[in-house]
Amino acid sequence: MAGKKGTIIIDRELCKGCYLCIEACPNSLIGIFDELNQLGYYPAYYREENNKDRECTGCATCALVCPDVAIEVYRE
Amino acid sequence: MSEKVLMRGTQVIGEAAIRAGCRFYAGYPITPQNELTECMARSMDATPGGTFVQAESEIAAINMVIGAAMAGARAMTSSSSPGISLKQEGISFLAAQELPAVIVNTMRGGPGLGNIAPSQGDYFQATRGGGHGDYRTIVIAPNSGQEIADMTRTAFEYADKYRNPVLILADGMMGQMMEPVIFPEPIDISSLPPKTWSLRGAAGRPSKVILSLLLNPAKQEELNWKLDRKYKIIAREIPKAEKYMTDDAHLAVIAYGTAARIAKGAVRRVREMGLKVGLFRPITLWPYPSRELHELSRHMRNFLVFEMNMGQMVEDVKLSLEGRSDVHFYGRPGGTISTPDEIAKIINTLYHRQNLEKDS
Amino acid sequence: MQKVFQRPKYLKQAVFHYCPGCGHSIIHRLIAEVIEELGIGEKTIGVPPAGCAVLAYDYIDVDMGEAPHGRGAAVATGLKRVLPDHIVFSYQGDGDIAAIGTAETIHAANRGESISVFFINNACYGMTGGQMAPTTLLGQESTTTPGGRNEKRDAAPLDLSEILAIARGSVYIERTAVNSPRNIRKTKRAITKSFKTQMAGLGFSLVEILSPCPVNWKMTPVEATKWIDDTMVKTYPLKVIKDTVGKIDG
Ligand SMILES: Cc1ncc(C[n+]2csc(CCOP(=O)(O)OP(=O)(O)O)c2C)c(N)n1
Ligand code: SF4
Ligand code: SF4
Ligand code: SF4
Ligand SMILES: [Mg+2]
């Protein structure tokens, strides 16, 4: 798949595990980690193992909806 | 400019405020102080950089003053008793946020809606804080046109110096009274020291906040200690009182504001009758001039407190004298005004009852 | 790769104290983004409320002066009148603005004070534990409306923005939400327009923002965003309520 390619970085220590980014990502690229962070939440994480038809486009939708500014987005 | 002019008390406050650099006024109509609000409307209009807002309530007015004070302006609001009740939350915020502001209370009879006659029923409210929390308001009680002119200037200076609300306590009589006044020269606002704590936008410096919420109990305690240290300094530096014929007196009448004018007339009358009576007139009500009063009690054992209420300042007198003297009280509640003759009679009776003529 | 989304300049490096999924922090971020984009960070003064956003000054990195509960518009009036070239905004919850502070808000709007007001409608008193707000929907449960808000007992919701639109001095009032990517983008445009309205000195503007309070709504954050779409907008339709400003540049 050509076109724009992107990636995100989730700051686990800012995340409150609200699932809003998970719900928002059109490519289902975000999951929930199974260890608590220091705030006491199960934080979101970026699924690096995304396959061909599930690539991050860097659309920043996840970051847009994140109430805790835990996500940074990079794009080519 | 420093010539004598004949003016009503309310207008004297307005003119003196402008000359003291007041550039923001917000108020809500209430008798007997409407002339002040009206005077501020005209004066601010005529003063470059001056703002007058007729607020929708006393609550709005005091909160506008909070905003103006945050921005660094010399700001004032005025009202009468019920309106001052509404301002109390804001005054508490001013104290906690350490913001300077001047508030004028032209007291009227109360409680409730009361009447518009002169009264001193708000002494407790004024001197005990009035609003919630552990704070103090500086309270000034002038009793002549000239003193209003001078002390209004002082009120703004104290407010800025101590970063604290200052209350000018007057009544309808003070407000209506026409007296010749010489105003102090207007100040040049640009010569005032910069208010480095004010909010002017975070240009070339980190952003800052003015707040009073201290969720951390240690921080709350820290603020209260800090305020307390400041109040102690104020209590040391500014208490002020007038002593009139007290040197040889066996008895002093203690009264402030309008009551003190009546009392002075009474003292003159009883002096003519040969009674050795003087007058002690607190000019600052908080801090109370306790030390000055205590001094008097070295050679005087009898005090008559006269108030236009049923006994409020008398508590401060007793606290100041710490049981060393006999404190008598005469009061008439708001709505009626005692005459000098009436007070002279009270003094006369007390003087003889206490056998004071024997003392000389 | 280029960073295309990051913490805006005027949002401090701090962990928000808000509950997971709370709309307040999204709105803080949007305000910070707009302040940066408009280049007004050095001359903006914010007035935070009593409410969950009482600590807004811990996050938004501009000068801030705290108002007593409900009095944001009056405090902002004082600030703006003394500093007419500065940008002054108040940030107020629905209880703050539409109950205790109704009078101050209506009169600031009617005077046409050149301030921006951000009105965060989460249909409850968040900070004090989920009591009924003037904005609570009919039938909505709150700790003081057992069995749901009942019109006879508790009155119907108050449409403050519509009331403010009647005031002559208001020039721009829009209701938006922060429950979806699309609505968040719209909210940012509305905040931008409000600040630009003020920069042009046109008068009073206000953005009412429907904002999730998952904790007091007893929902998950995702359910809360859906509830805004499915239920809340029926009482509070998202729309431009008043606009005499039109297109605005600068
Ligand atoms: C004079 C006064 N009354 C009551 C309160 C308590 N109080 C603090 S915030 C609040 C309501 C908060 O609700 P809202 O404005 O909707 O803000 P939210 O927390 O929902 O964002 C109340 C009643 C107060 N601080 N001051
Ligand atoms: S940037 Fe877009 S595609 Fe990439 S993770 Fe976020 S929402 Fe998904
Ligand atoms: S939206 Fe933000 S806070 Fe919520 S789960 Fe995703 S990264 Fe975490
Ligand atoms: S109670 Fe509601 S409004 Fe307050 S922080 Fe939590 S989610 Fe946000
Ligand atoms: Mg609310």
Counting N and O atoms only, with roles assigned by atom type, does the side chain of [X] sit under 3.5 Å from a partner on the main chain of [Y], one being a donor and the other an acceptor?
| X | Y | answer |
| --- | --- | --- |
| Arg75(A) | Phe5(C) | no |
| Glu23(A) | Val222(C) | no |
| Arg175(C) | Pro237(C) | yes |

Quiz item: Is chain C contacted by the side chain of Leu39(A), its backbone, both, or neither, given a heavy-atom distance below 4.5 Å?
Solution: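 Side chain only.
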Quiz item: Parallel, tilted or perpendicular for Phe195(C) and Phe118(C), by the 30°/60° rule?
Solution: perpendicular
Quiz item: Should the pair Tyr59(C) and Phe16(C) be assigned to parallel (<30°), tilted (30 to 60°) or perpendicular (>60°) ring geometry?
Solution: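 Taking Phe16(C) first and then Tyr59(C), their aromatic rings sit tilted (interplane angle of 30° to 60°).
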Quiz item: Top residue by heavy-atom pair count (under 4.5 Å) with chain C, among Ala70(A), Ala60(A), Cys18(A)?
Solution: Cys18(A)
Self-check item: Heavy-atom pairs under 4.5 Å with chain C, option from Asp68(A), Ile8(A), Ile22(A), Thr61(A) with the top count
Solution: Asp68(A)
Self-check item: Arg29(C) portion near chain A, given a 4.5 angstrom heavy-atom threshold
Solution: side chain
Self-check item: Region of Leu11(C) in contact with chain A, defined by heavy-atom distances below 4.5 Å
Solution: side chain
